[in-house]
Protein chains: 2
Amino acid sequence: MEATVKLEISDAEWEVMRIVWTLGESNSRQITEILADKMGWKSATVKTLLGRLVKKQALTTRKEGNAFIYTPLVAEQDAMDSATRALFGHLCQMKVGQTLADLIDNLTLSKENIADLQAQLADKAKTAPETVACDCLPDGCDAMKQEA
Amino acid sequence: MEATVKLEISDAEWEVMRIVWTLGESNSRQITEILADKMGWKSATVKTLLGRLVKKQALTTRKEGNAFIYTPLVAEQDAMDSATRALFGHLCQMKVGQTLADLIDNLTLSKENIADLQAQLADKAKTAPETVACDCLPDGCDAMKQEA
DNA sequence: AAAACGCGATTACAAGTGTAAACTTTAGTC
DNA sequence: GACTAAAGTTTACACTTGTAATCGCGTTTT
């Protein structure tokens with residue numbers, strides 16, 4: 001049983017992580033250059049974010065000369081999965097299906113992605129329930145409507 | 001062109017919204033009862049959240065006797081869609097396919113949901129690109145790897 | 001060696017969030 | 001009409017987040 005430490009990566013921090021994840025490792029100069037360009041951030045801002053990410057243990061450092069080299073301590077896919085599961089976890093379960101549909105409408109997926117999803121859905125259909133109930137209220141949800 | 005006002009609903013506020021969305025409208029006593037139970041919140045906490053939601057224009061009120069009746073000003077599905085689009089919007093586009101797959105693994109979908117998604121995907125496949133590139137770095141992404 | 005520059009660390013500071021207590025107003029009750 | 005209970009309003013307070021400036025130190029340059 002993994003004692004998964006809940007890692008909260010903020011939006012701004014996420015931008016930093018994406019770069020380190022993609023590069024595998026990087027130093028603050030390189031990260032700063034990219035984010036100065038992409039986000040218009042000052043180097044001080046990036047330094048703050050890097051510091052917070054190290055404190056949060058999302059990144060680790062290794063000294064190289066006068067500077068640090070930053071490496072991810074969490075896998076990008078894991079972070080993406082927790083973030084999405086956290087979000088969907090507090091949405092009305094009855095409406096996640098539609099939300100997923102609306103989301104997919106806005107995403108660009110490759111043919112391969114789509115094929116994989118189709119296979120996955122075909123399999124999932126075998127054990128899928130007929131309906132999914134709303135879980136927003138203690139009782140059944142549709143109950144007590146407009147009791148106010 | 002709708003001037004869509006960016007509505008930021010926090011996690012705690014979301015819990016309140018779910019109840020009002022589901023009931024259609026409600027008063028603070030009813031909401032407090034449910035959340036005292038589900039979240040362990042004091043009535044003062046719920047009052048604060050209701051106040052913030054009214055100020056943010058996520059809810060509106062109508063006086064009834066000594067109390068207010070709260071009604072949503074934003075549709076639940078719209079709020080869910082913005083929240084999910086906002087999240088996926090800052091994830092690596094190359095990895096959203098896998099993320100979606102991992103997410104679906106964790107969701108309960110009805111047979112109908114699945115059928116709808118399958119139809120949607122079949123249609124989307126027609127115009128899908130062969131691959132989706134990573135958009136985490138300015139250049140091509142896989143470029144400059146390990147330059148540090 | 002002195003000066004300048006790059007890097008990490010410390011400090012800043014307002015806005016948003018979670019969580020609530022205290023105060024005030026209002027609507028019934030005796 | 002005075003009192004009380006419930007609902008709304010104000011105040012509180014620590015933590016997170018976005019966005020930096022500044023400080024101190026080691027390294028590079030003149």
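Below, chain A is the first sequence line, B the second, and so on; all start at residue 1. As a basis for the values below, the full set of heavy atoms in this structure was taken, side chains included, without hydrogen atoms, waters or symmetry mates.
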Looking at [X], does any N or O in its side chain come under 4.0 Å of the phosphate oxygens OP1/OP2 on [N]?
X: B:Thr48; N: C:dG18; value: no
X: A:Ser10; N: D:dG18; value: yes
X: B:Tyr70; N: D:dG8; value: yes
X: A:Ser28; N: C:dG8; value: yes
X: B:Thr45; N: C:dA20; value: yes

With a non-hydrogen cut-off below 4.0 angstrom, is [X] in contact with a base, only sugar-phosphate, or nothing?
X: A:Lys56; answer: sugar-phosphate
X: B:Ala67; answer: sugar-phosphate
X: A:Lys42; answer: sugar-phosphate

Rounded off to whole Å, could you give me the [atom1]-to-[atom2] distance for the [X] and [N] pair?
X: A:Lys55; N: C:dA9; atom1: NZ; atom2: C1'; value: 10 Å
X: B:Trp14; N: C:dG16; atom1: CH2; atom2: C1'; value: 17 Å
X: A:Arg62; N: C:dG8; atom1: CZ; atom2: P; value: 13 Å
X: A:Leu49; N: D:dT16; atom1: CG; atom2: C1'; value: 12 Å
X: B:Glu64; N: C:dA27; atom1: CD; atom2: C1'; value: 14 Å
X: B:Arg29; N: D:dA7; atom1: CZ; atom2: P; value: 6 Å
X: A:Lys47; N: C:dG6; atom1: NZ; atom2: P; value: 10 Å
X: A:Glu15; N: D:dT19; atom1: CD; atom2: C1'; value: 14 Å

Over all heavy atoms of both residues, which pair between [X] and [Y] is shortest? Give the atoms and the distance, please.
X: A:Met80; Y: B:Val96; result: CE-N, 4.3 Å
X: A:Pro72; Y: A:Met17; result: CB-CE, 4.5 Å
X: A:Glu13; Y: A:Arg52; result: OE2-CB, 3.7 Å

Closest approach to the side chain of [X], judged atom by atom: which nucleotide of [options] is it?
X: B:Glu13; options: D:dT17, C:dT17, D:dT19; value: C:dT17
X: A:Ala44; options: D:dT9, D:dA20, C:dT17; value: D:dA20
X: B:Asp11; options: C:dG18, C:dT19, C:dA27; value: C:dG18
X: B:Trp41; options: C:dC7, D:dA7, C:dT19; value: C:dT19

message = When you measure only distances, ignoring hydrogens and angles, does the side chain of A:Arg52 come within 3.5 Å of the base of C:dT10 through a donor and an acceptor?
response = no
ask   = Side-chain contact, heavy-atom cut-off 4.5 Å: A:Val46 with A:Met39?
value = no
message = Testing the 3.5 Å rule here: is there a donor-acceptor pair between the side chains of B:Gln120 and A:Asp105?
response = yes
query = Without hydrogens or angle criteria, can the side chains of A:Gln77 and B:Thr99 be said to hold a donor-acceptor pair below 3.5 Å?
reply = yes
note = Nearest-nucleotide check on DNA chain D, B:Leu50 vs A:Gly40; residue mapping nearer the 5' end is B:Leu50
